[in-house]
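Read through the structure below, which is laid out as structure tokens, and then see the notes.
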Amino acid sequence: MAPVDQPVALCASSDLLEGGDAVPFEVRWRAEPCRAFAVRWRGRVHAYLNRCSHLPMEMDFQPNRFFDSSGQWLICATHGATYRPDTGACAAGPCRGPLTAITVEEVAGTVFWRPSKDIQPEPTFDDL
Ligand code: FES
């Protein structure tokens, strides 16, 4: 399968509320299945692999909940590492680096994510 570099539609812009639940999506990260998520913060959409930099674990403490109670930080449910919502940079806790960011864009009310060399869409039935 050839690498995909075209934007992939993720959701309607209205699906992502400020500081609200994330929209999850599935990707292939370095050829392995991996979950990812998108959130809205200060008006802009940001997306990351759902993979803490402390240990390779998913971060949500309830399904699709990544913001802490202040709504200012993304927090890992396992040991409490916190990350900046806009960059994925480690803010506090035991993280060992930033989250892995995924490029996103909003066009005409739709959110798209952009594949990269390491992060590709899940294969579809037609790809198999
Ligand atoms: S696995 Fe996320 S803080 Fe430890």
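In each ligand, atom 1 is the first atom listed, and ligand 1 is the first ligand listed. Keep in mind that this is a model prediction, so the values were computed, not measured. For the single chain, residues carry numbers from 1 onward in sequence order.
Counting only distance, with no hydrogens or angles, the side chain of Gln120 and the backbone of Ala31 share no donor-acceptor pair below 3.5 Å.
Among the backbone and side-chain atoms of Cys52, no N/O/S atom is found under 2.8 Å from atom 4 (Fe) of ligand 1. For residue His79, an N/O/S atom approaches atom 4 (Fe) of ligand 1 to within less than 2.8 Å.
Between Met57 and Arg51 there is no side-chain heavy-atom pair separated by less than 4.5 Å. The side-chain heavy atoms of Phe66 and Leu99, taken from C-beta on, include no pair separated by under 4.5 Å. Asp15 places none of its side-chain heavy atoms less than 4.5 Å from the side chain of Val111.
Close approach of ligand 1 to Ala81 is summarised as follows: ligand atoms under 4.0 Å from at least one heavy atom of the residue are 3 (S). Using a 4.0 Å cut-off to heavy atoms of Cys76, the atoms of ligand 1 that qualify are 1 (S), 2 (Fe), 3 (S). Within the listing of ligand 1, atoms 1 (S) sit less than 4.0 angstrom from a heavy atom of Thr78.
Sulfur-to-sulfur, Cys95 and Cys52 sit at least 2.5 Å apart at their SG atoms.
Contacts of Pro94 with ligand 1, taken as heavy-atom pairs under 4.0 Å, involve the side chain alone.
Within His54, ND1 is the N, O or S atom that lies nearest to atom 4 (Fe) of ligand 1.
Not a single heavy atom of Gly93 lies less than 4.0 angstrom from ligand 1.
In summary, Arg30 and Asp118 engage in a salt bridge, as defined by a charged side-chain N under 4.0 Å from a carboxylate O.
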